[in-house]
There are 2 protein chains.
Amino acid sequence: MDESYRTAAGQPDQTHESVTLEDVARLAGVTAMTVSRALKRPELVREETRQRVLDAVRSTGYVPNMLAGALATNRSHLVALLLPTIATSIFTDMVQTMMSTLAASGYQTLLGLTGYLREREEQLVHTLLGRRPDAIVLTGTDHSALTRDRLLKTKVPIIEIWDLTDDPIDMLIGFSHEAVGSAVARHLLHKRYRRFAVLSADDPRGMRRSMSIVEELRRHGVENVPMEILPAPATLQAGREGFARLLERGLPDVIACSTDTLAQGILAEAAKRGIGIPQEVAVMGFGDLSTAAHVHPALSTVRIDGAEIGRLAAEALLQRLEGKPSSPAALRVDTGFTIVDRESA
Amino acid sequence: MDESYRTAAGQPDQTHESVTLEDVARLAGVTAMTVSRALKRPELVREETRQRVLDAVRSTGYVPNMLAGALATNRSHLVALLLPTIATSIFTDMVQTMMSTLAASGYQTLLGLTGYLREREEQLVHTLLGRRPDAIVLTGTDHSALTRDRLLKTKVPIIEIWDLTDDPIDMLIGFSHEAVGSAVARHLLHKRYRRFAVLSADDPRGMRRSMSIVEELRRHGVENVPMEILPAPATLQAGREGFARLLERGLPDVIACSTDTLAQGILAEAAKRGIGIPQEVAVMGFGDLSTAAHVHPALSTVRIDGAEIGRLAAEALLQRLEGKPSSPAALRVDTGFTIVDRESA
DNA sequence: CTGTTAGCGCGTTCAA
DNA sequence: TTGAACGCGCTAACAG
């Protein structure tokens, strides 16, 4: 009987073994409440008892249960971060900066990878909402209708980063991909290139940058710019393949890439084929400041400052979460970008 | 009175606005418990009531509060993943694979970045433990004494990945960095190079690979191998600088790098200086399968399969968390590595 | 098949 | 300065 009853539990015996406030309290000869205060509001507890409590904490190895804490206070100290992928270096600087800034204020980051898929993002938003994050960070501004709805209803602070739009869900920090594209086009025209080509990964923002290049060129009378599109995320190998395909359509003066990684792929394939970069073909990239800074001496590129986006986003969230009740105005920041020419670098 | 009472709350009015089981239950004309069952164990609920419940869920926009659920069941469905950094591509494949495998079984990932710092890891382990994760994944096997202690006491399943050791905390999936180093050395000797150099980032495992190269070379009679060490994480720029410094000590036949990124830095600097790779200097890298697969046609490299590590780790965890109570034996897997020569590729 | 009771661990809110 | 009672939202266990 006893035997069968014990095994009836089914799940492995996850004995609730963890030390609780109560355990610490008993050892310190106080109430759970006092222990809680000693840890969170030390100034409310007499020095002596506080010491007894801290000793008890140490000797028991007590670790506060944030699940319970979050449930009781309705503050999870969790920030949900939705990112397309970490397979490309483009976001790494932003992520590192945002995470460490948040961590410094006691917030942890719950990461969700969308793979540039809106349905995935939709599902992730739903699941992550279950953790009751104190804030949500979304990459991009293009979401499913359902996602937007859910998010607009929530009172959770939301930041969309890495893009601009006229109707953000809440806060917004990013830059215009159309502006990047046309700036690239004008830069290349200014440098007197004649025969252009575009190599793009098919992620939404990369495509917008690329299309914007094409359109700006057209506005300046350049038609029929060859363009190759490869599946996201952009990889070295994709860059090599794309370059090979572009070559079949003739050697251009310059190739504009949606990302530095593709540009580097071109460098690799060019080395293999003995094509001189930038003598025979110039290459232009796009990327995060820290990774792009020294990409390759033969490369020009568009730099964006991922770290700044991460820092601004984290600070805006913290302001909203911990700041004074004075209604925090809607935030909208254009972080801009910089064109770095290999010759001027 | 009423007025002052309301503002006395201090914190911004985080009105507990979220829909609860109770709300749904009321609408569906059942108990909270029935709603819970309808969602988690549908087979225990009559089809008709189940439908009523689901309708109520939809019309209220109910999202289960996993904080409360976790507290009640002592299962958080959270996996803590401690990683040195995401600034290098070396871990990305592992992370993606692990996260998606876990996500498929309803587990979310809590990321902690240690920056290769043991104190940081120690602190992160402490904080993350507060979330009561169902499992913990650590990168590497070298932890502070305190971290080890804490982790050994916990009953939470733990996996150390990306390395091997004789006394793992719990489960272990990785490969030997000493073996990588000596294999690289033998490979290069076999290819008849004479003048060697080593370029390494100063992260612990990278250093072990590099030192192992040097030692194996010494065992074969090659002494005084020049070695440059750069701060972690490895970047393109670090590779360029390191290469420049190595050149000051004379041009070697081959340079072995602790990471592909450094190797690519060498390629960039070599291109700038007009040094032919691999004609004048051969370069050897090290990296994750998917990113290293097509690094550069001029590069040889050591491939490790990050995706496999991620998959194995996730599956081992799931097995332990959801598997049959049959005591899950200690797990230890050597995932090995492959040397890929540019000529044989 | 459904409801009731109790408790997960913590913090808010009073009272002492 | 400290304690007692209660509730956060959910689910295990048992009763019906």
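To find a chain, count down the sequence lines: A is the first, B the second, and so on, and within it residues start at 1. These values consider heavy atoms only, across backbone and side chains, with no hydrogens, waters or symmetry-generated copies.
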[options]: which one has an atom nearest the side-chain heavy atoms of [X]?
X: Met33(A); options: dG3(C), dG3(D), dC8(C); answer: dG3(D)
X: Ala68(A); options: dT11(D), dG9(C), dG11(C); answer: dG9(C)
X: Leu71(B); options: dG9(D), dG11(C), dG3(C); answer: dG9(D)

Any side-chain N or O of Thr34(A) under 4.0 Å from OP1/OP2 of dG3(D)? yes
Is there a side-chain polar atom (N or O) of Ser36(A) under 4.0 Å from OP1 or OP2 of dG11(C)?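 Answer is yes, contact under 4.0 Å.
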Using heavy atoms to find the nearest nucleotide of DNA chain C for Arg132(B) and Val30(B) separately, return the residue whose nucleotide is more 5′.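 With Arg132(B) and Val30(B) compared, the 5'-side residue is Val30(B).
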In terms of side-chain heavy atoms, does [X] have a donor or acceptor partner in [Y] at a distance below 3.5 Å?
X: Glu122(A); Y: Ser144(A); answer: yes
X: Glu121(B); Y: His143(B); answer: yes
X: Asp163(B); Y: Thr165(B); answer: no
X: Thr85(A); Y: Gln96(B); answer: yes

Below 4.5 Å, heavy atoms only, C-beta onward: do Leu331(B) and Leu172(B) meet side chain to side chain?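 Heavy-atom side-chain distance check fails, nothing below 4.5 Å.
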Thr20(B) near the nucleic acid: base, sugar-phosphate alone, or nothing, with a heavy-atom cut-off under 4.0 Å?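 Thr20(B): backbone/sugar contact only, no base atoms under 4.0 Å.
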Over the length of the helix from dC1(C)-dG16(D) to dA16(C)-dT1(D), how much do the five-pair end axes diverge, rounded to 10 degrees?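 Rounded value for the end-axis angle: 30°.
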Using only atom types and a distance under 3.5 Å, with no angle test, would you say the side chain of [X] pairs donor to acceptor with the backbone of [Y]?
X: Ser105(A); Y: Tyr107(A); answer: no
X: Asp170(A); Y: Ile159(A); answer: no
X: Thr97(A); Y: Asp93(A); answer: yes

Of residues 38-59 of chain B, the positions that come close to DNA chain C - non-hydrogen atoms, cut-off under 4.0 Å: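 Output list: Leu44(B), Val45(B), Arg46(B), Thr49(B).
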Expressed in angstrom and rounded to an integer, what is the separation of [X] atom [atom1] from [N] atom [atom2]?
X: Leu21(B); N: dC8(D); atom1: CG; atom2: C1'; value: 13 Å
X: Asn65(B); N: dG7(D); atom1: CG; atom2: P; value: 18 Å
X: Arg131(A); N: dC10(D); atom1: CZ; atom2: P; value: 13 Å
X: Arg75(A); N: dG9(D); atom1: CZ; atom2: P; value: 15 Å

Quick check: on DNA chain D, is the nucleotide nearest Leu67(B) upstream (toward 5') of the one nearest Arg37(B), or the reverse? Name the residue that is more 5'.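 Between the two, 5'-proximity favours Leu67(B).
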Is the shortest side-chain N to carboxylate O distance from Arg52(A) to Glu48(A) below 4.0 Å?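 A salt bridge links Arg52(A) with Glu48(A).
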